[in-house]
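Below is one structure, written out as structure tokens, with a few remarks after it.
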Amino acid sequence: WDALVARDPAASVFHSRPWLEAIRGTYQTRLTAITPQPPGEPLRAAVLFGLRPRLGRAPSWVSLPFSDHCQPLGDFDRWSELLELANQRAWPSIEIRALDSGPLRNERWSVVHTYAIHHLDLRAGAAALWSRLHHDSIQRKIRRAERLPLRVESTTNLTTLQVFYGLFHGTRLRHGVPTQPWRWFENLFAAFGPADLRVYVAWQADQPLAAIYEQDTSNLERQ
């Protein structure tokens with residue numbers, strides 16, 4: 001699995017072993033990969049599923065629960081075969097959260113929901129990126145923030161992750177949406193390790209105003 005993830009350009013953090021370990025450790029979700037290859041052969045194509053319970057209904061198999069997306073890996077030509085193998089297991093419901101759903105569409109599979117994913121190319125440099133920001137809604141607010149006594153800290157410790165979680169939990173409450181449990185972030189921290197999970201917090205004096213965390217998968221890919 002790790003070799004397939006490392007060489008497939010469609011692989012993301014959601015395919016990585018630490019992410020899968022965090023899902024399994026937090027939600028006790030059963031994970032399985034469907035592949036047309038027999039045991040002992042190197043993986044050339046696979047689709048990853050997790051079992052998602054549903055109240056009052058049969059559970060569904062999702063690729064991948066608790067994740068933004070999880071593209072099937074390997075040759076496009078094998079994807080229909082992979083999904084047919086999953087269908088042969090008589091699972092009541094199968095959901096694929098693919099970035100590219102074109103190769104999956106046929107008379108037996110259909111698009112139920114469509115979402116957008118945003119990418120920002122940072123290679124253009126700070127000046128070019130700044131020029132592309134909206135003058136009023138983005139640039140003006142950044143200039144205002146620069147006049148305030150703010151500081152940004154970047155750390156890799158669990159205490160700062162708790163600061164992030166406090167802000168995250170409050171934001172989710174204001175929006176009226178559920179919050180992931182704290183153990184999810186604990187498990188992410190344990191699975192990725194301090195070297196690959198970094199937290200950024202913006203402070204005004206001793207008050208945290210904003211926070212974000214990132215997972216670095218470059219070390220995982222090199223391994």
Side-chain angles (χ1 to χ4, degrees), residues 5-6 9-27 64-71 97 99 115-223:
V5 170
S12 70
V13 65
F14 304 121
H15 295 90
S16 69
R17 186 177 295 272
W19 184 268
L20 303 181
E21 290 175 352
I23 289 178
R24 187 165 51 188
T26 305
Y27 301 104
L64 189 66
F66 313 109
S67 308
D68 294 341
H69 52 79
C70 192
Q71 186 85 353
R97 297 173 178 174
L99 288 176
Y115 299 91
I117 184 168
H118 301 275
H119 295 275
L120 179 62
D121 189 347
L122 302 178
R123 294 172 296 181
L129 292 173
W130 174 261
S131 66
R132 298 171 189 170
L133 299 177
H134 191 277
H135 177 75
D136 184 60
S137 62
I138 304 297
Q139 289 188 4
R140 181 175 58 84
K141 292 180 180 179
I142 291 177
R143 294 301 189 199
R144 178 186 175 189
E146 289 175 341
R147 295 193 295 270
L148 297 175
L150 301 179
R151 72 181 192 278
V152 176
E153 293 182 354
S154 170
T155 66
T156 59
N157 61 65
L158 196 59
T159 300
T160 309
L161 187 61
Q162 290 173 324
V163 174
F164 160 84
Y165 187 75
L167 294 170
F168 172 76
H169 181 64
T171 300
R172 303 282 287 189
L173 286 178
R174 288 197 302 274
H175 287 283
V177 293
T179 305
Q180 290 99 321
W182 165 244
R183 69 178 181 274
W184 163 248
F185 295 96
E186 279 187 307
N187 288 332
L188 276 180
F189 189 85
F192 280 92
D196 295 318
L197 196 149
R198 179 167 293 274
V199 186
Y200 300 86
V201 181
W203 299 83
Q204 185 173 28
D206 294 329
Q207 179 67 34
L209 301 181
I212 191 172
Y213 76 94
E214 67 172 358
Q215 295 130 321
D216 182 4
T217 60
S218 58
N219 292 332
L220 304 174
E221 293 167 358
R222 284 195 296 270
Q223 295 173 2

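With a 6.0 Å radius and a threshold of 12 heavy atoms from other residues, nucleotides or ligands, R198 has its CZ atom above the threshold. The local environment of CZ in R151 is crowded, with over 12 non-hydrogen atoms from other residues, nucleotides or ligands closer than 6.0 Å. In I212, the CD1 atom is not crowded: 12 or fewer heavy atoms of neighbouring residues, nucleotides or ligands sit closer than 6.0 Å.
Looking at S12 and W19, their side chains never come closer than 4.5 Å, going by heavy atoms from C-beta outward. I23 has its side chain within reach of L64: a pair of non-hydrogen atoms, C-beta onward, lies under 4.5 Å apart. Contact check for L188 versus T26: no side-chain heavy atoms found under the 4.5 Å cut-off. Contact of the L150 side chain with the L209 side chain is registered, since non-hydrogen atoms from C-beta on lie closer than 4.5 Å. Within the 4.5 Å cutoff, no side-chain heavy atoms of D121 are placed close to those of H119.
Put simply, the side chain of R97 never gets that close to the backbone of C70: no donor and acceptor are under 3.5 Å apart. The closest donor-acceptor contact from the side chain of T171 to the backbone of H169 lies at 3.5 Å or more, if one exists at all. Side-chain N or O atoms of H15 include one that pairs as donor or acceptor with a backbone N or O of Q71 at under 3.5 Å.
Of all heavy-atom pairs between L167 and P208, the closest is CD2-O, 3.7 Å. Counting all heavy atoms, side chain and backbone alike, Q139 lies closest to L133 at NE2-O, 3.4 Å. Contact between R132 and A124 at its shortest, heavy atoms only, is NH2-CB, 3.7 Å. The minimum heavy-atom distance between W182 and L161, with the atom names listed, is CZ3-O, 3.9 Å. Residues S16 and F192 come closest through the heavy atom pair OG-CZ, 3.9 Å. Nearest heavy atoms, T155 versus T160: OG1-OG1, 2.7 Å.
Relative orientation of the Y165 and F168 rings is tilted, given thresholds of 30° and 60° on the angle between their planes. By the 30° and 60° cut-offs, the orientation of the rings of F185 relative to Y213 is perpendicular.
Ion pair R143/E146 flagged as a salt bridge, since at least one NZ, NE, NH1 or NH2 atom sits closer than 4.0 Å to an Asp/Glu carboxylate oxygen.
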